[in-house]
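In what follows, every chain begins at residue 1, and chains take the letters A, B, ... in the order their sequences are listed. Values below: all heavy atoms of this structure, side chains included; hydrogens, waters and symmetry mates excluded.
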There are 4 protein chains.
Amino acid sequence: MTLKLATSDGRSLRAEQKRSERREAIVRAAEIVFARRGFHDASISDVIDAAGISRGTFYLYFESKEALFVHLIERFVSFITDAMLVVDPTQPEPARRIFENVERVVDMAFDHPDLTQVVLRENRGRNPELDEQLDRLYEFLRVMVEGALKNGAQNGITRAVNEPVVATALIGAFKEVFLAHLAGASLRAADRATLAAALFELSVRGLFVGA
Amino acid sequence: MTLKLATSDGRSLRAEQKRSERREAIVRAAEIVFARRGFHDASISDVIDAAGISRGTFYLYFESKEALFVHLIERFVSFITDAMLVVDPTQPEPARRIFENVERVVDMAFDHPDLTQVVLRENRGRNPELDEQLDRLYEFLRVMVEGALKNGAQNGITRAVNEPVVATALIGAFKEVFLAHLAGASLRAADRATLAAALFELSVRGLFVGA
Amino acid sequence: MTLKLATSDGRSLRAEQKRSERREAIVRAAEIVFARRGFHDASISDVIDAAGISRGTFYLYFESKEALFVHLIERFVSFITDAMLVVDPTQPEPARRIFENVERVVDMAFDHPDLTQVVLRENRGRNPELDEQLDRLYEFLRVMVEGALKNGAQNGITRAVNEPVVATALIGAFKEVFLAHLAGASLRAADRATLAAALFELSVRGLFVGA
Amino acid sequence: MTLKLATSDGRSLRAEQKRSERREAIVRAAEIVFARRGFHDASISDVIDAAGISRGTFYLYFESKEALFVHLIERFVSFITDAMLVVDPTQPEPARRIFENVERVVDMAFDHPDLTQVVLRENRGRNPELDEQLDRLYEFLRVMVEGALKNGAQNGITRAVNEPVVATALIGAFKEVFLAHLAGASLRAADRATLAAALFELSVRGLFVGA
DNA sequence: GATGAATGAGGATTCATTCAT
DNA sequence: CATGAATGAATCCTCATTCAT
């Protein structure tokens, strides 16, 4: 039995790896397919064709179409979590730190355009399970941004604002700009620096001249 | 009865009115149903059940499900066009005029919550005809906001910014806030004044203290 | 009451005439519409649009779509009955009489192209009531042709043949030629004389040289 | 089991065969259903009920209802192509060869009564794609018959006739006789020999005594 | 593990006919 | 008589998921 376990370990390791690779292949295929046709419009057939697997195999790796989308959201969350670093107010040049955060978020959108498009494009209202996941995604983002706003206000960097509303607004601003660049026509040609600069300017300086 | 005989208009007028009323009833029912379940997830059955009409009657008033959605977009456009007034820079207190504009847009969202939710929630990618309509809606909004930005910059009211990006960002900011209030959980309790104030503050003053 | 009857007569006469005219208008419109789109593919809407009447009015003149078709069949039967004259074998030149019959039938098809097309195009299998009418039409034609064949055989003009089969075959020959001319592409340019001559030749002389 | 392991072909071969069998079962069911109710009047439900398969399965084997009909036409074409052999005029007894051709065509109609009925019954005017297929069928038949007529005339076997018209007429004659036997009431009891003899007689000898 | 044939609920749309005005 | 708004049964097709091989 120990032998069997040992062997089993060896085998399961290789098997585990192969399984992981295949899962990744499905995910990558799904990103492309969903980005092109939208999550709801794309069918499982589209995904398995792109991934080069059979119908049944898909369900060996993901419980359902929704489960695949949940995985994509989690993937997106992990990327954006990496991008949004907490700004330490005791460090010098907080504005620069914030700008670097904006840059990293923009970078993430440019580095994972399909994933970003797929996740940001999707809205609530289609599937309760999915809605919950999206709620959690936006809740997560809002909490992070709200935290930054509170932190900034406490340390005298940012003005006191209605944090929930402003956090939501900022998320919407970034989201719309990313989608206009990735999926739409209007900002398709924009580059990272331009988007980052414009988003930073609007966020921190606002529109008024004297303000 | 004399009146009834007086004009054959009498009959067609009443008929016209009844037709108009019924069409309105369908539209209202659709707004509610689509707001609750999303346009694509809601079926014609849901709409006709809510409107209390039969299957065939629906197609007497709208050519298709898509045509109904197009009508909702047009309705939304007409409301938002009424709300967004061009700010005359020669008038005193331009900031106040802009704030009033923000207020009116917020009012529109509060006055037509279902319609706003339905239209703002929908994304491109399901139906080419519908995508085009949505493109036109956002193009329209962007052009209006870009125009305001250019106008403000020329008259020394607002700072010079990357207008396409900032316009897109502002639209996204308002959109996300409205959806969070109407469809989501986070801003459900917010009132008009709060949202208007927060959106105005972010837009025109930005976040920085000194800025 | 007598007075009322008198008046009623006067009125009903005019009314009767108007009714008759309107019925004719519907029938003519139906011929054109059914010829263009086929009976089953054409809708009542198509007919009433072409006739310039309202939906309900149609049902004042015809009980149903099928009843209208039955009327067209009857109209066709009356025309073809006029065309197919019994050939008196005691008269000289029976071949010439037969040829004149063929000519008259061809003339009928050319004089009422829409009606001919509509009636000949339709096949059994869609509607029991309609099937019965078509059965009666073809039964009627077959009986006439069979009669002619028997008559000809008895009088030594035509050869003895399997009358039911040959009658059916002749009907099919004429029908296919008319449809190819009226609805199809292959014989569209053919003229009356050509069709009449070819049909006569085949029918009476057959194909063989010596025969 | 060794066999099973021997070739991976084994599985795909059996699968291929099963697929083929099922497709055949659908086709046979469709022939019966369409013969009974007509192609347009029969619904997919009728076909799948008769074939004992589910709704979705049908679409695994045929792209659409029309595609199924196209398949039936092709099937019919292949049968009739086999039946109509080109008569070599250098061979003795050309009349006998022609008669054998007629016999083979009649045999085909008797051997595939449902298919023959379905294909011959259908008329143009319902579906553009389908119309084209029917046009091609009749074009094909006409070309074959016209060729035979020209061939016969050149070799002094048949008389010179207006080939397009006579070919059309002959097709109509056979068609009507087959339908009267298969779908109608009048020739239901007729046997192969009778129909073949009568059709041959009419075609080659015509009706006139002396002729 | 991998496969892909089979499933069947669900959706948008059409159209002959009725009937209140 | 004439109208035309209202009806609702009926139809074709899609696609996420299952399961025997």
Given C/Phe34, which of C/Val47, C/Val119, C/Asp114 fulfils the side-chain contact (heavy atoms from CB on, under 4.5 Å) condition? C/Val47
Closest nucleotide of DNA chain F for D/Tyr59 versus for A/His40: which of these residues is on the 5' side? D/Tyr59
Please convert DNA chain F into dot-bracket. A pair counts if it is Watson-Crick or G-U wobble with both distances under 3.5 Å; crossing pairs go in [ ] and bases paired with another strand get |. .||||||||||||||||||||
NE2 of B/His40 to CD of B/Glu122, rounded to nearest 0.5 Å, is 5.0 Å
Interatomic distance where CZ belongs to A/Phe39 and P belongs to F/dC15 [whole Å]: 13 Å
Whole-Å distance between E/dT13 C1' and B/Leu68 CG? 14 Å
Rounded distance (Å) that lies between atom P of E/dG1 and atom CZ of A/Arg14: 14 Å
Rounded distance in Å - CZ (D/Phe62) to P (F/dC12): 15 Å
D/Ala183 versus D/Arg121, closest heavy-atom pair with distance: CB-NH1, 4.1 Å
Using a 4.0 Å heavy-atom cut-off, write out nucleotides 6-11 of chain F from 5' to 3' as B (base contacted by protein), S (sugar-phosphate only) or - (no contact). BBBBB-
Begin from the C-alpha positions of A/Phe76 and A/Leu120 and carry the test side chain to side chain contact (heavy atoms under 4.5 Å, CB included) through to its verdict. CA-CA 10 Å; A/Phe76 181 78; A/Leu120 293 188; 4.0 Å; yes
What is the ring orientation for D/Phe39 with D/Phe69, classed by angle as parallel under 30°, tilted 30 to 60°, or perpendicular over 60°? tilted
More than 12 heavy atoms from other groups under 6.0 Å of CD on C/Glu21: yes
Where is the tightest heavy-atom contact between C/Arg23 and C/Tyr61, given as atom of each residue plus distance? NH1-O, 2.8 Å
Can you check whether D/Ser43's main-chain N or O pairs, donor with acceptor, with D/Asp46's side chain at less than 3.5 Å? yes
Please report the C-alpha distance between D/Glu129 and D/Gln133 in whole Å, then the side-chain angles of each, then the deciding distance to 0.1 Å, and finally whether the side chain to side chain donor-acceptor pair (under 3.5 Å) criterion is met. CA-CA 7 Å; D/Glu129 194 192 344; D/Gln133 283 292 327; over 6 Å; no
Whole-Å distance between E/dA5 C1' and D/Ile48 CD1? 16 Å
Between E/dC15 atom P and C/Asp49 atom CG, what is the distance in whole Å? 12 Å
Just how far, in rounded Å, is P of F/dC19 from CD of A/Glu63? 14 Å
